[in-house]
Amino acid sequence: MRVAIASDQAPKAIGPYSSALRAGQLLFISGQVPADPATGALVEGDIEVQTRRVLENIKALLMEARLTLNHIVRTTVFLADMDDFAAMNAVYARYVVDPAPARATVQVARLPRDVRIEVDAIAVIP
């Protein structure tokens, strides 16, 4: 059984996909960009500001599914510039719990809406 998850505290999907999708005991969170959920506008600021917004969007989708950041088992971080890695990682470290989820971080040629970061996640539902 698949159930779509959305939250007023996270940006709405801008295409034919779900912001998050529950499938069995897993929650798949689509890539989140640094968009303000109230306006849909991209947040301005450096990679730290953008990373915080992305992770707050993920947190909101988790909360809607009655989960927390503790339930995340895997993330993928997409960066427009790998030079942003250290600053992104410092913010990311404040959101994850021990043991930290598995993660891949990659630099990509371009991201939707020309943002600097996008993060997707997979969480386990107890």
Side-chain angles (χ1 to χ4, degrees):
M1 181 164 139
R2 299 178 332 145
V3 178
I5 304 290
S7 169
D8 291 339
Q9 301 303 308
K12 294 180 181 16
I14 58 172
Y17 62 90
S18 299
S19 295
L21 188 72
R22 179 181 178 160
Q25 296 306 112
L26 296 175
L27 181 69
F28 296 89
I29 299 176
S30 294
Q32 296 296 302
V33 297
D36 181 312
T39 65
L42 297 176
V43 297
E44 295 191 22
D46 61 17
I47 192 65
E48 293 172 340
V49 170
Q50 291 191 18
T51 300
R52 272 192 298 277
R53 179 72 263 158
V54 165
L55 295 173
E56 287 296 324
N57 292 345
I58 289 172
K59 189 174 165 184
L61 290 165
L62 288 164
M63 289 176 60
E64 191 69 29
R66 296 195 170 112
L67 300 173
T68 68
L69 293 166
N70 297 348
H71 294 96
I72 293 178
V73 295
R74 175 78 160 92
T75 62
T76 307
V77 178
F78 303 93
L79 293 173
D81 185 347
M82 197 55 83
D83 288 341
D84 287 336
F85 180 84
M88 173 283 297
N89 206 45
V91 174
Y92 183 94
R94 293 194 294 266
Y95 280 82
V96 298
V97 295
D98 195 33
R103 180 181 86 185
T105 303
V106 296
Q107 178 175 318
V108 296
R110 193 170 180 197
L111 288 164
R113 299 174 68 186
D114 293 318
V115 298
R116 296 171 68 179
I117 184 171
E118 179 175 353
V119 179
D120 68 15
I122 300 170
V124 171
I125 301 167

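From a predicted model like this one, the values you see are computed outputs, not experimental measurements. One is the number of the first residue; the rest follow in order along the sequence.
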Roughly how far, to the nearest 0.5 Å, is [atom2] of [Y] from [atom1] of [X]?
X	Y	atom1	atom2	answer
Arg2	Leu26	CZ	CG	13.5 Å
His71	Leu27	NE2	CG	10.5 Å
Asp120	Phe28	CG	CZ	10.5 Å
Glu118	Ser30	CD	OG	8.5 Å
Leu79	Gln50	CG	CD	10.5 Å
Lys59	Ile29	NZ	CD1	13.0 Å

Below 4.5 Å, heavy atoms only, C-beta onward: do [X] and [Y] meet side chain to side chain?
X	Y	value
Val96	Pro101	yes
Val119	Ile58	yes
Leu61	Gln32	yes
Pro34	Val49	no
Val77	Met88	yes

Check the hydrophobic clustering (I, L, V, M, F, W, Y; side-chain heavy atoms under 4.5 Å; chains of links allowed) and say if [X] and [Y] are grouped together.
X	Y	answer
Leu42	Val108	yes
Ile5	Leu67	yes
Val91	Ile117	yes
Ile72	Val54	yes

Taking [X] for its side chain and [Y] for its backbone only, find out whether a donor-acceptor pair lies under 3.5 Å.
X	Y	value
Gln25	Ile125	yes
Arg110	Pro112	no
Asn57	Val33	yes

Any pair with a residue in residues 91-107 that passes side-chain hydrogen bond (donor to acceptor under 3.5 Å, both in side chains), sequence neighbours left out, goes on the list, sorted by first then second residue, please. Glu56-Tyr95, Thr75-Tyr92, Asn89-Arg103, Arg103-Thr105
Nearest non-hydrogen partners of [X] and [Y], listed with the distance:
X	Y	answer
Gly40	Arg113	O-NH2, 2.9 Å
Ser18	Ala4	OG-CB, 3.7 Å
Pro11	Ala35	CG-O, 3.4 Å
Leu111	Ala80	CD1-N, 4.0 Å

With a cutoff of under 4.5 Å between side-chain heavy atoms, which Ile, Leu, Val, Met, Phe, Trp and Tyr residues group with Ile14? Tyr17
Does anything in residues 29-54 form a salt bridge (Lys or Arg N to Asp or Glu O under 4.0 Å)? List the pairs, not counting sequence neighbours. none
Has Arg66 got more than 12 heavy atoms of other residues, nucleotides or ligands less than 6.0 Å from its CZ? no
